[in-house]
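Structure, as structure tokens:
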Amino acid sequence: MNEKSNTMIGLSENGHSKLKILKEDGIFHEMVDGYRAGVAFAIASNESPVPISGKKQTTFSVGTVDRKLAGSTLVQTLLDVDDSEVYAIIEQLAEIGVQKFYHEYEETGNIDFIQMLKIFESPSQ
């Protein structure tokens, strides 16, 4: 395993509280599931990572989120991020995804993942 600068990762306090609600309300089985889904959704949405503002709440060990280093490898490959920054970028992507999930949940009372994923469909030719 490559040496990483962070051993614990998380979200902003705001993002953490939103992820906790999504877990408690049964949208995600575990908070880490929502965290990983947030990263994947942000990457698939072609979102640009932005530093997390305000106080951050570390919640997960890197080993919990990225057991086989697939997430860090994906982020390094797709976003051309060096080893020392990869988990800060993962946090930023998770923050973006969780905020988008929560916004959808707040607006509709649910998250229609199928509808959200339709933005990735290629246009008809």
Side-chain angles (χ1 to χ4, degrees):
M1 183 168 163
N2 293 336
E3 194 64 34
K4 306 292 182 194
S5 59
N6 295 348
T7 57
M8 296 292 292
I9 54 178
L11 298 164
S12 69
E13 287 185 337
N14 178 273
H16 177 84
S17 66
K18 289 177 177 177
L19 181 57
K20 188 173 180 181
I21 290 168
L22 293 172
K23 190 262 186 211
E24 290 171 351
D25 289 358
I27 301 298
F28 294 107
H29 183 67
E30 297 293 339
M31 287 177 64
V32 72
D33 299 331
Y35 193 91
R36 288 185 193 122
V39 172
F41 186 79
I43 290 171
S45 301
N46 205 28
E47 295 284 346
S48 296
V50 180
I52 295 174
S53 61
K55 191 170 180 183
K56 191 171 73 174
Q57 182 162 345
T58 54
T59 307
F60 307 107
S61 73
V62 165
T64 298
V65 173
D66 197 21
R67 287 186 299 255
K68 296 182 180 180
L69 301 178
S72 59
T73 300
L74 179 70
V75 168
Q76 286 174 311
T77 302
L78 293 177
L79 302 179
D80 195 28
V81 175
D82 72 43
D83 213 34
S84 66
E85 300 174 303
V86 69
Y87 287 109
I89 299 300
I90 285 174
E91 285 179 320
Q92 294 166 20
L93 294 168
E95 182 77 24
I96 291 166
V98 166
Q99 294 291 344
K100 287 186 182 271
F101 291 153
Y102 189 81
H103 176 74
E104 173 75 10
Y105 181 65
E106 190 174 51
E107 291 284 313
T108 67
N110 201 359
I111 298 177
D112 185 345
F113 289 102
I114 301 299
Q115 187 63 37
M116 289 182 85
L117 292 173
K118 284 187 178 187
I119 66 170
F120 308 118
E121 289 181 350
S122 55
S124 300
Q125 296 181 351

Quiz item: How close do Gln92 and Pro49 get, heavy atom to heavy atom, and via which atoms?
Solution: OE1-CB, 3.1 Å

Exercise. Determine whether Tyr105 and Ile21 make a side-chain contact, defined as any pair of heavy atoms from C-beta on separated by less than 4.5 Å.
Key: yes

Quiz prompt | Residues, nucleotides or ligands: over 12 heavy atoms within 6.0 Å of Leu78 CG | solution = yes

Practice problem: Check Leu19 against Gly34 and note the closest heavy-atom contact, atom names and distance. | Solution: CD1-CA, 3.8 Å

Self-check item: Shortest non-hydrogen contact from Gly97 toward Ala42
Solution: N-CB, 4.2 Å

Self-check item: Nearest atoms (heavy-atom pairs only) where Ile52 meets Ser12
Solution: CG2-CB, 3.6 Å

Practice problem: Answer whether the closest heavy-atom distance between the side chains of Phe41 and Ile96 falls below 4.5 Å. | Solution: no

Quiz item: Under the criterion side-chain hydrogen bond (donor to acceptor under 3.5 Å, both in side chains), which of Glu91, His16, Glu13 is the partner of Lys56?
Solution: Glu91

Quiz item: Mind checking whether Met8 and Ser61 have side chains closer than 4.5 Å, heavy atoms only?
Solution: yes

Practice problem: May I ask you to test the Phe101-Lys18 pair for a side-chain heavy-atom distance under 4.5 Å? | Solution: no

Quiz item: With distance as the sole test, does Tyr35 use its side chain to make a donor-acceptor pair with the main-chain N or O of Gly10 at under 3.5 Å?
Solution: yes

Exercise. Start with the C-alpha distance between Leu11 and Thr59, add both sets of side-chain angles, then the distance that settles side chain to side chain contact (heavy atoms under 4.5 Å, CB included), and finish with yes or no.
Key: CA-CA 8 Å; Leu11 298 164; Thr59 307; over 6 Å; no

Quiz prompt | Over all atoms of both residues, closest heavy-atom pair of Arg36 and Thr64 | solution = NH2-O, 2.5 Å

Practice problem: Working to the nearest 0.5 Å, report the span between CD of Gln76 and CD1 of Ile89. | Solution: 11.0 Å

Quiz item: Is there side-chain contact between Asp66 and Val86, with heavy atoms separated by less than 4.5 Å?
Solution: no

Quiz item: Mind checking whether Tyr87 and Val65 have side chains closer than 4.5 Å, heavy atoms only?
Solution: no

Practice problem: Nearest 0.5 Å please: distance from the CD atom of Glu106 over to the CG atom of Leu22. | Solution: 10.0 Å

Quiz item: Counting only heavy atoms not in Asp80, do more than 12 sit closer than 6.0 Å to its CG atom?
Solution: no

Quiz prompt | Close side-chain approach of Asn110 to Ile27, heavy-atom, < 4.5 Å | solution = yes

Quiz item: Side chains of Gln99 and Asn14: does their closest heavy-atom pair fall under 4.5 Å?
Solution: yes

Exercise. Can you see which heavy atom on Glu104 is nearest to which on Asp112, and at what distance?
Key: OE2-N, 4.1 Å

Self-check item: Distance, nearest 0.5 Å, that separates CD of Gln57 from OG of Ser17
Solution: 8.5 Å

